[in-house]
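Everything on this sheet refers to the single structure shown next.
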Amino acid sequence: MSQIKAVRGTRDLLPPETELWNRVEATARRVLERYAFGEIRTPIFEDTQLFARGVGEETDIVSKEMYTWEDRPRAQSEKAQMLTLRPENTAGVVRAYIEHKLGDSGLLQKLYYIGPQFRRERPQKGRYRQFFQIGAEVIGPVSAGSESPLRDAEVLEMLATFLDELGVTGWTLELNSVGSAQDRPRYVEALRTALTDVAPTLCVDCQRRAVTNPLRVLDCKVPEDQEKIDALPKIADFLDEDSRAHFAQVCAALDACGVAYKVSPRLVRGLDYYTRTTFEFTHGGLGAQNALLGGGRYDGLSEMLGGPKAPGIGFAIGADRLVLTLQAQQVAQGASSAALLADAYIAPLGEAQQAESLVLARELRRASLRVELGDGTFRLKKSFEMGNKLARKIVLFGEEEAASGMVTVKDFQTGEQTKVPRGELAKMLGAQ
RNA sequence: GCGGCUAUAGUUCAGUGGCAGAACGCCGGUCUGUGGCACCGGAUGUCGUGGGUUCGACCCCCACUAGCCGCCCCA
């Protein structure tokens, strides 16, 4: 019988790596809560139509990368419903915003989420079929200030703070504006026109993109093409007055608080719902998947989903990539990824001491110490060997200790060995 | 979905058409209430899976699967 393995593009996260994941998530929660975001948990699967309408029928995500299936009808009369594992979380959050009439509060909704997303793509480093995102959305009625450029700047400043607190170094914030829902189609048309002349001189990939997805030509990395691509029409020249002023204010607010950014006229994002501000935080060392996180404004998404006017801005952090980046940094700094050592390893000496050794472990654990408990059948030498791998100190608990009430403690680092009354053990091991 | 590279011990990797290897790790001993260091000994395994060629395949061929790199696209 063949071995059952994790399916392609999925993987198990094991200790000690999960410690790093927890640190990333804990840091994100801490920072987000300082900015007064609250957590939202939406279902992991939704009606397929949500993504078709929100993300865009023609996007690759919807047209070929979703895990979609037909749900089993409960009765003959019921129509089978098409369901989809969420490929991203913004559409689900906006759906919840509409469904629960959150806009009726008259307040801005600031919601964050942490969870798995699913896309049926070809796996590579930093790209999995089940991947994890940490994201947030600021959405609400216009009267609550949801369109304000200050919201954009605040979100970007928060992300910079998050990466700094996490200790990520060497990131770059790339910023652009793709204009209003009216501006973008005009620009795409102009780009298409310009490309009819230029495309034949570009790389083969670009020749294809010029026809299938002109915006993607702007992403081309072939050095020889760069000059010609720079000469193509820029979206900045197609922005209306409002979008232009909005973008200028975002930049001004970022300048004021010293968050470094690079305006990237070529940064266009793949999802249909983006308007005006779009951004990416990138990092070298991630290969082709160089975006750590991305996001932007989606002023029309709520209406696209049949809801009220509710402009918003949000982002999604690729947690898998963030973890990869942090791991690479740790290796570069020579930091060990070894598991956290316990405060003590309790070694019962002989099976007669086993029950009481659990009592001792319980006392220490209730004092918030991290404790490993050995086994009374181990030879002393083996107890020491195991203790040395698992903990900073070993506590010997044999016949002698049980009788006298004095336990023997040895520090593995200093080699120092002492006897302490059992009642003082927790304190001696560093309990608060 | 397309192209390239790869798959051998727990891990990192050598290897040859004719007995399956190293290092680290693991287990045991020197050492029966004292770890690390040292020395001695031991087990590592469906050589990714399934076919084919051959007297004989870990090696050559085909298919499949998975990983990595790139493309597409994207966090």
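Below, chains carry the letters A, B, ... as their sequence lines are ordered, and counting in each starts from 1.
For Q124(A), no side-chain nitrogen or oxygen approaches OP1 or OP2 of rG67(B) to under 4.0 Å. In this model, the phosphate group of rA66(B) is approached by a side-chain N or O of R8(A) to a distance below 4.0 Å at OP1 or OP2. Between R120(A) and rG1(B), a side-chain N or O to OP1/OP2 separation shorter than 4.0 Å is present. Phosphate proximity of rU34(B) to K382(A): absent, as no side-chain N or O sits under 4.0 Å from OP1 or OP2.
In this structure, the ring of Y187(A) has its center less than 6.0 angstrom from the ring center of F238(A).
The partner of rA38(B), taking Watson-Crick or G-U wobble pairs whose two distances both stay under 3.5 Å, is rU30(B). Summarising the base pairing, rG1(B) is matched to rC71(B) through a Watson-Crick or G-U wobble pair whose two defining distances lie under 3.5 Å. rU54(B) is unpaired under the Watson-Crick or G-U wobble criterion, no partner having all donor-acceptor distances under 3.5 Å. Using Watson-Crick or G-U wobble geometry with both donor-acceptor distances under 3.5 Å, rG21(B) finds its partner in rC13(B).
At least one donor-acceptor pair closer than 3.5 Å links the side chain of T48(A) to the backbone N or O of M82(A).
Per the geometry, OH belonging to Y67(A) stands 10 Å off P belonging to rG1(B), to the nearest Å. N89(A) places its CG atom 12 Å from the C1' atom of rA75(B), with the value rounded to the nearest Å.
Using cut-offs of 30° and 60° for the angle between ring planes, the Y273(A) and Y298(A) rings count as perpendicular.
Look at the P atom in both rC59(B) and rA20(B): the space between them is 13 Å, to the nearest Å.
In this structure, the side chains of P123(A) and R129(A) come closer than 4.5 Å at one or more pairs of heavy atoms.
Contact annotation: side chain of R119(A) to base of rC74(B), donor-acceptor pair absent below 3.5 Å. For K410(A) against rG35(B), a side-chain-to-base donor-acceptor contact under 3.5 Å is present. The base of rG33(B) lies outside donor-acceptor range of the side chain of E399(A), with no N or O pair under 3.5 Å.
Interface residues of residues 157-178 of chain A facing RNA chain B, ordered by number: none; criterion, heavy-atom separation under 4.0 Å.
Note on I394(A): nothing from the nucleic acid sits closer than 4.0 angstrom, heavy atoms only.
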